Amino acid sequence: MPDSFDPIRLGGIELSSRFLMGTAGYPSPQILESAIQAGGADVLTMGIKRQAANVSAGAGKAWWDLVRQTGKRILPNTAGCRTAAEAIALAQMAREIFETSWVKLEVVGDDYTLQPDTLELVTAAAKLVDLGFEVFPYCTEDIIVAQRLIDAGCTILMPWAAPIGSGQGITNRQALIRMRDRFPSTTLIVDAGIGAPSHAAEAMEIGFDGVLLNSAVAQAKDPVRMAAAFRDAISAGRTGYLAGVIPPQPFATPSTPVTGQPFSL
């Protein structure tokens with residue numbers, strides 16, 4: 001089981017996997033189920049706007065039943081919301097339908113980049129925390145906004161690597177490293193923009209606590225094999241971080257000394 005030696009705690013729950021998987025856009029329910037098993041994720045995200053109405057009306061019940069029967073924790077998300085009020089209303093609906101107080105909070109402010117509206121995001125986060133939710137806010141690497149979210153009561157932040165669905169990987173590595181250094185006790189999960197297993201490994205190597213992605217698996221030629229690849233990359237990246245990745249330097253250093261002893265005694 002991935003990361004069984006190094007569990008992550010989310011919302012007071014201990015989980016063995018640092019891989020959080022989305023459930024949208026898979027070719028079939030059967031492929032989704034197999035990808036979930038191959039990826040070993042303990043947490044699955046589901047779009048409230050996409051699923052809530054279907055579940056309530058009875059349509060799409062087979063899809064929802066499949067996800068529920070996996071026994072994984074469900075993390076509903078408010079994708080598509082434009083205002084704090086809309087996100088709050090959807091989160092409350094999700095708590096009733098999905099029977100969880102967890103919510104991935106998304107309040108989008110720009111159609112081109114799908115970048116969060118930071119003012120509405122912080123407003124919604126503060127209200128939802130007051131209502132007893134465990135809020136997983138989707139944000140950028142902006143440290144000031146991150147601090148506002150933490151002040152509002154968020155213990156988990158989900159900064160993007162790149163715009164949603166872009167597959168670009170980490171586009172602002174130094175900013176994410178600064179964020180990690182600035183908030184050492186906050187759980188940080190890279191969310192959005194991851195396209196390849198190497199991107200996920202990089203996020204873990206610089207000290208992030210987990211990775212959430214959807215399109216990179218769901219839209220792969222072989223989603224099941226790709227889920228397994230991400231499982232292994234996330235585990236390897238975490239292990240590398242714990243082992244201590246050597247810092248880069250702008251000059252060469254011989255790995256084998258030509259004088260003296262080859263080993264430190």
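Please read all numbers here as calculations on a predicted model, not as lab measurements.
- Across Ala35 and Pro223, no two heavy atoms sit closer than the pair CB-O, 4.1 Å.
- The minimum heavy-atom distance between Glu106 and Ala87, with the atom names listed, is O-CB, 4.4 Å.
- Between Ser166 and Gly193, the shortest heavy-atom distance links the atoms OG-CA, 3.9 Å.
- For the 3.5 Å distance criterion, the side chains of Glu86 and Thr78 fail to qualify, holding no donor opposite an acceptor.
- Atoms SG and CD, on Cys154 and Gln147 in that order, are 11.5 Å from each other to the nearest 0.5 Å.
- Residue Arg225 qualifies as open at atom CZ: its count of foreign heavy atoms under 6.0 Å is 12 or below.
- At a threshold of 4.5 Å between side-chain heavy atoms, the hydrophobic network of Ile, Leu, Val, Met, Phe, Trp and Tyr places Ile88 and Leu119 in two separate groups.
- Residues Ile189 and Phe208 approach most closely at N-CD2, 4.2 Å, considering heavy atoms.
- Met204 and Leu213 fall within the same hydrophobic cluster, defined by Ile, Leu, Val, Met, Phe, Trp and Tyr side-chain heavy atoms under 4.5 Å apart, directly or through other members.
- Judged by distance alone, the side chain of Asp117 and the main-chain N or O of Val107 form no donor-acceptor pair under 3.5 Å.
- In this structure a side-chain-to-backbone donor-acceptor pair under 3.5 Å is present from Arg231 to Ala38.
- Side-chain atoms of Thr187 never come within 3.5 Å of backbone atoms of Leu157 as a donor-acceptor pair (strictly under, hydrogens ignored).
- Residues Met158 and Phe136 share a closest heavy-atom pair of SD-CB, 3.4 Å.
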* Asked: Which is it for Val108 and Arg82 under the side chain to side chain contact (heavy atoms under 4.5 Å, CB included) test, yes or no, and what are the steps along the way?
  -> CA-CA 5 Å; Val108 172; Arg82 299 289 174 164; 3.7 Å; yes
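- Summarising the geometry, atom CG belonging to Leu90 is positioned 10.5 Å from atom CG belonging to Leu105; distances are rounded to the nearest 0.5 Å.
- Side-chain atoms of Ser16 do not come within 3.5 Å of backbone N or O of Pro7 as any donor-acceptor pair.
- Proximity of a side-chain donor or acceptor of Thr70 to a complementary backbone N or O of Val67 within less than 3.5 Å is detected.
- Between the side chain of Arg18 and the main chain of Asp209, a donor-acceptor pair closer than 3.5 Å is present.
- For the ring pair (Phe, Tyr, Trp, His ring centres under 6.0 Å) test, no residue two or more places apart in sequence or in another chain qualifies with Phe230.
- Between the CH2 atom in Trp102 and the CG atom in Leu128 there is a gap of 15.5 Å [rounded to 0.5 Å].
- Separation of atoms OG (Ser17) and CD1 (Ile8) is listed at 8.5 Å; rounding is to 0.5 Å.
- Heavy-atom neighbours of Lys72 NZ from other residues, nucleotides or ligands within 6.0 Å: above the threshold of 12.
- Interatomic distance, CZ of Arg180 versus CG of Leu188, reported as 4.0 Å (0.5 Å rounding).
- By the rule that hydrophobic residues join a cluster once side-chain heavy atoms approach within less than 4.5 Å of another member, Ile150 and Phe133 end up as members of one cluster.
- A distance-only check finds a donor-acceptor pair linking the side chain of Asn214 to the backbone of Ala24 [under 3.5 Å].
- Tracing side-chain contacts under 4.5 Å through hydrophobic residues (I, L, V, M, F, W, Y), one reaches Val224 starting from Leu66; they form part of the same cluster.
- Rounding to the nearest 0.5 Å places CD1 of Ile177 at 13.0 Å from CE of Met179.
- No continuous path of hydrophobic side-chain contacts links Val211 to Ile164 [ILVMFWY only; heavy atoms under 4.5 Å].
- Annotation for Gln249: atom CD counts as buried by contact number, over 12 foreign heavy atoms lying within 6.0 Å.
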